[in-house]
Amino acid sequence: MIIFEQEIKNRSVLFMTETNFKKAEVFFLEKNWDSTLVYSMKQLSLSSQNQEIKNYCHLFRGYSFIGKKIFNEGQKELNKVTKEFAFYNTIKAKLGEIALEQKEFKKAINYFKEIEFVKENKLLGIKKGNVKYNIGICYLHLKEFDKSEVYLLKSIKLQEQQNDSLEFVNSYGDIATLYYEQYKDNLAIPYFEKAYQLSKKIKDFDLKRRTALNMAVVEENRKDFSKSLVYRKEYDQWKDSLNDQNKIWKVAELEKQFAVKQKQKEVSLLQAENKIKIAERNGLLYSAIVLLFLLGIAVYFYREKIKRNKIILAQKEALDELNATKDKLFSIVSHDLRSSVNAMKSSNAKLQENLALKNLTEIDKLLHQNSTIANSTYNLLDNLLNWALLQTKQSYFEIESHRLFFIVEHVAYNYQHLLAEKNILFENIVSKKDIVFADQESLKLILRNFIDNAIKFSKENGTIKIYSENHDELYCNLIIEDSGLGMNEGTRIQLLQETTLLSKKENENIIGAGLGMQLCKSMIKKNNGKLDMQSEIGKGTKIIVSLPKTNPNG
């Protein structure tokens, strides 16, 4: 097992940049099964994942379920590992051991035979002698004695090369049992004796007990009752030693708990005495300063009153501004929703008319129009929901490291049909090396809003380009550039203000409530980032989102 754990450390070092994977590996090596299951599942839930990491996660989860005695789930996870995985043979051995423990002997034999002839250096900690031994035990349970004999004798030869005394005792005992069940006492007894003699060199009381009992039975069958009685006494002695050992451990644990409680009592007593002494000393001090306190209290309350009035006034102004903002928001959102529903209603009426006339060209046009209206309304509702979650502090938020390229690629995929409708050329040239620390879902929401705006503000045959700039030590810039309508300087400054919500102004068909922009600003701020814009009328717009390269909370 030590070799196996060392191999896990050595071979998984390539993936240590994956935070969840690293935590899962640490907890796995510590045998903290619950935490291993949590972090390996988090790693598997990430969208960008290579097969090697998946294999490690399934291995971690399989061993964790087995450690918790949930064998069926453990088998399911281990069976998900692919043949190319370095630990595939180790997993087959583990599946064989589970089947053997569950008394599914034929199934266990199939697993062990898959790795029977694999070279030991590819078994990564599994001994070939143990594989042969396990196959032999399976055949022994199935009463296929000839096959069992072949494999058990092979396992003994391999164990002799490894000089493993503990394994010798088990193997000798099992081969003796094999012969004994076939009434081949002359072959069984030498192995019982070998197991007994070898057990004297080990410290395992349970093995000593079993070998002594076997010898007692052997001598009893030989009718040598005096020797049998000696072995019986030795068996009882080891049995008592085993019980005594367990009792010693229990007593030691109880003594440890008692000692801890005694220490806690002593500490509590000392703390109580210290508190009394401190109270006596402080009593005199407090009496001395009470007059000064009474003199200063009037000044203190006067200053506090002035400070409190200033705070209340500032809070009132902020609250008035927020209320005005929210009132304006709901007014505009309700207007947009009503407009979208009316537009959909009108379009559906025309669609029914054209269906009756079988005007396929107009039907196709109206269906695309309905799709655009539905998509716009869905984005508005999605932003409204996320804004509400943000305001009520119900949104889940976890800052982790992410590669910008894959986040952009994932979000942009959902806009392919909208880009195709307007024949817009889209380019994702973000560097695959650029890593930022941000919450994944809020980063996707920011990108969705800016890409959606870029599409709406772009004319047909336009271009949208997303790229990164990595010139700052602290921040990486993600830039969304379009060749659309652009905006004047006044609008640009207004958009960057903290609480501004735009109403419909220059273009009734494009500019909406500004809720998406407000939400983006809040999310960027929560991600410890910065927002900037560059734009000119008729020359398009650049949205610059600066995100930290390191974890500000780490």
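When all heavy atoms of Leu78 and Lys94 are compared, the pair lying nearest together is CD1-CG, 4.2 Å. A pairwise comparison of heavy atoms in Ser431 and Ser468 identifies N-OG, 3.3 Å as the closest pair. Residues Met533 and Ile543 come closest through the heavy atom pair CG-CD1, 3.8 Å. Closest approach of Glu116 and Val131 over heavy atoms only: CA-CG1, 4.2 Å. Shortest non-hydrogen contact noted between Phe112 and Glu97 is CZ-N, 3.5 Å. Scanning all heavy atoms of the two residues, the minimum distance from Ser483 to Gly462 falls at OG-CA, 3.6 Å.
Separating the CG atom in Leu496 from the CE atom in Met517 is a distance of 7.5 Å, to the nearest 0.5 Å. Annotation: the span from Asn477 atom CG to Leu404 atom CG amounts to 10.5 Å, rounded to 0.5 Å. Interatomic distance, Phe85 CZ to Glu52 CD, rounded to the nearest 0.5 Å: 5.5 Å. The structure places CD1 of Ile66 at 6.5 Å from CG of Leu95, a figure rounded to the nearest 0.5 Å. From Met523, atom CE reaches atom CG of Leu445 across 5.5 Å, with rounding to the nearest 0.5 Å. Rounded to the nearest 0.5 Å, atoms CD1 (Ile115) and CD1 (Ile91) are 11.0 Å apart.
Judged purely by atom type and a 3.5 angstrom limit, Lys521 uses its side chain to pair as donor or acceptor with the backbone of Leu495. Not one N or O on the side chain of Asp452 forms a donor-acceptor pair closer than 3.5 Å with the backbone of Arg448. A distance-only check finds a donor-acceptor pair linking the side chain of Asn354 to the backbone of Lys350 [under 3.5 Å]. For the pair Ser546 (side chain) and Tyr475 (backbone), a donor-acceptor distance under 3.5 Å is absent. Here the side chain of Ser458 pairs a donor or acceptor atom with the backbone of Ala454 at under 3.5 angstrom. Here the side chain of Ser522 pairs a donor or acceptor atom with the backbone of Gln518 at under 3.5 angstrom. His402 places a side-chain N or O within 3.5 Å of a backbone atom of Ala438 that can act as its donor or acceptor partner. A donor-acceptor distance shorter than 3.5 angstrom exists from the side chain of Arg403 to the backbone of Lys432, with no hydrogens or angles considered. When atom types are taken as modelled, the side chain of Lys459 and the backbone of Gly484 share no donor-acceptor pair closer than 3.5 angstrom. Between the side chain of Ser40 and the backbone N or O of Leu37 there is at least one donor-acceptor pair closer than 3.5 Å.
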Do Gln534 and Ile544 pass the side chain to side chain contact (heavy atoms under 4.5 Å, CB included) test, and can you show the C-alpha distance, the side-chain angles, and the key distance before you say yes or no? CA-CA 8 Å; Gln534 296 175 7; Ile544 304 167; 3.7 Å; yes

Residues Phe426, Thr463; criterion side chain to side chain contact (heavy atoms under 4.5 Å, CB included); working and verdict: CA-CA 6 Å; Phe426 178 83; Thr463 59; over 6 Å; no

Audit row: Glu427, Tyr467, side chain to side chain donor-acceptor pair (under 3.5 Å) steps and yes/no: CA-CA 8 Å; Glu427 293 181 275; Tyr467 55 96; over 6 Å; no

The test is side chain to side chain contact (heavy atoms under 4.5 Å, CB included); show your working for Gln75 and Ile98 and say whether it passes. CA-CA 8 Å; Gln75 288 173 315; Ile98 295 169; 3.7 Å; yes

Output, in order, the C-alpha distance, side-chain angles, deciding distance and verdict of side chain to side chain donor-acceptor pair (under 3.5 Å) for Asn428 and Glu409. CA-CA 7 Å; Asn428 175 13; Glu409 196 74 8; 2.7 Å; yes

Report the C-alpha distance between Lys549 and Asp434 in whole Å, list the side-chain angles of each, state the deciding distance to 0.1 Å, and finish with yes or no for salt bridge (Lys or Arg N to Asp or Glu O under 4.0 Å). CA-CA 9 Å; Lys549 294 180 181 179; Asp434 285 340; over 6 Å; no

For Leu478 and Val408, what are the C-alpha separation, side-chain angles and deciding distance, and is it a side chain to side chain contact (heavy atoms under 4.5 Å, CB included)? CA-CA 10 Å; Leu478 178 64; Val408 173; 4.2 Å; yes

How far apart are the C-alpha atoms of Phe27 and Tyr39, what are their side-chain angles, what is the distance that settles it, and do they pass the ring pair (Phe, Tyr, Trp, His ring centres under 6.0 Å) test? CA-CA 9 Å; Phe27 286 123; Tyr39 285 101; 5.8 Å; yes

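Under the 4.5 Å side-chain criterion, counting only non-hydrogen atoms from C-beta, Ile306 is not in contact with Asn309. Side-chain contact between Leu100 and Phe105 is present, with at least one heavy-atom pair separated by less than 4.5 Å. Residues Ile363 and Leu351 have side chains in contact (heavy-atom distance under 4.5 Å, counting atoms from C-beta outward). Two residues are said to be in side-chain contact when any heavy atoms from C-beta on lie closer than 4.5 Å; Leu425 and Ile464 fail this criterion. Put simply, the side chain of Phe28 reaches to within 4.5 Å of the side chain of Tyr63, judged on heavy atoms. Counting only heavy atoms from C-beta outward, the side chains of Asn527 and Leu443 never approach each other to under 4.5 Å. Contact annotation: the side chain of Gln440 never approaches that of Glu400 to less than 4.5 Å [non-hydrogen atoms, C-beta and beyond]. Taking the side chain as every heavy atom from C-beta outward, Lys542 and Ile480 never approach each other to under 4.5 Å.
Taking a cutoff of 4.0 Å between a charged side-chain nitrogen and a carboxylate oxygen, Asp439 and Lys526 do not qualify as a salt bridge. Salt-bridge annotation for Arg492 and Glu489: present, with a side-chain N of the basic residue lying under 4.0 Å from a carboxylate O of the acidic one. The existence of a salt bridge linking Glu73 and Lys76 is confirmed by a sub-4.0 Å separation between a basic side-chain nitrogen and an acidic carboxylate oxygen. Between Glu25 and Lys22, none of the side-chain N atoms (NZ, or NE/NH1/NH2) sits under 4.0 Å from a carboxylate O, so this pair counts as no salt bridge. Electrostatic pairing of Glu114 and Lys92 counts as a salt bridge here, judged by a charged N lying under 4.0 Å from a carboxylate O. The residues Lys530 and Asp472 are annotated as not salt-bridged, no charged nitrogen and carboxylate oxygen being separated by less than 4.0 angstrom.
The side chain to side chain contact (heavy atoms under 4.5 Å, CB included) test with Lys54 singles out one residue from Val81, Leu44, Leu59, and that residue is Leu44.
In this structure, Phe15 and Phe21 have perpendicular ring planes: the angle between them is above 60°, well past the 30° mark.
More than 12 heavy atoms of other residues, nucleotides or ligands shown are found within 6.0 angstrom of CD on Glu421. The number of heavy-atom neighbours closer than 6.0 Å to CD of Glu473, taken from other residues, nucleotides and ligands shown, is 12 or below. Within a 6.0 Å radius of NZ in Lys525, no more than 12 heavy atoms belonging to other residues, nucleotides or ligands are found.
Side-chain polar atoms of Ser401 and Asn551 form no donor-acceptor pair below 3.5 angstrom. With hydrogens and angles left out, the side-chain atoms of Thr82 and Asn55 include a donor and acceptor closer than 3.5 Å.
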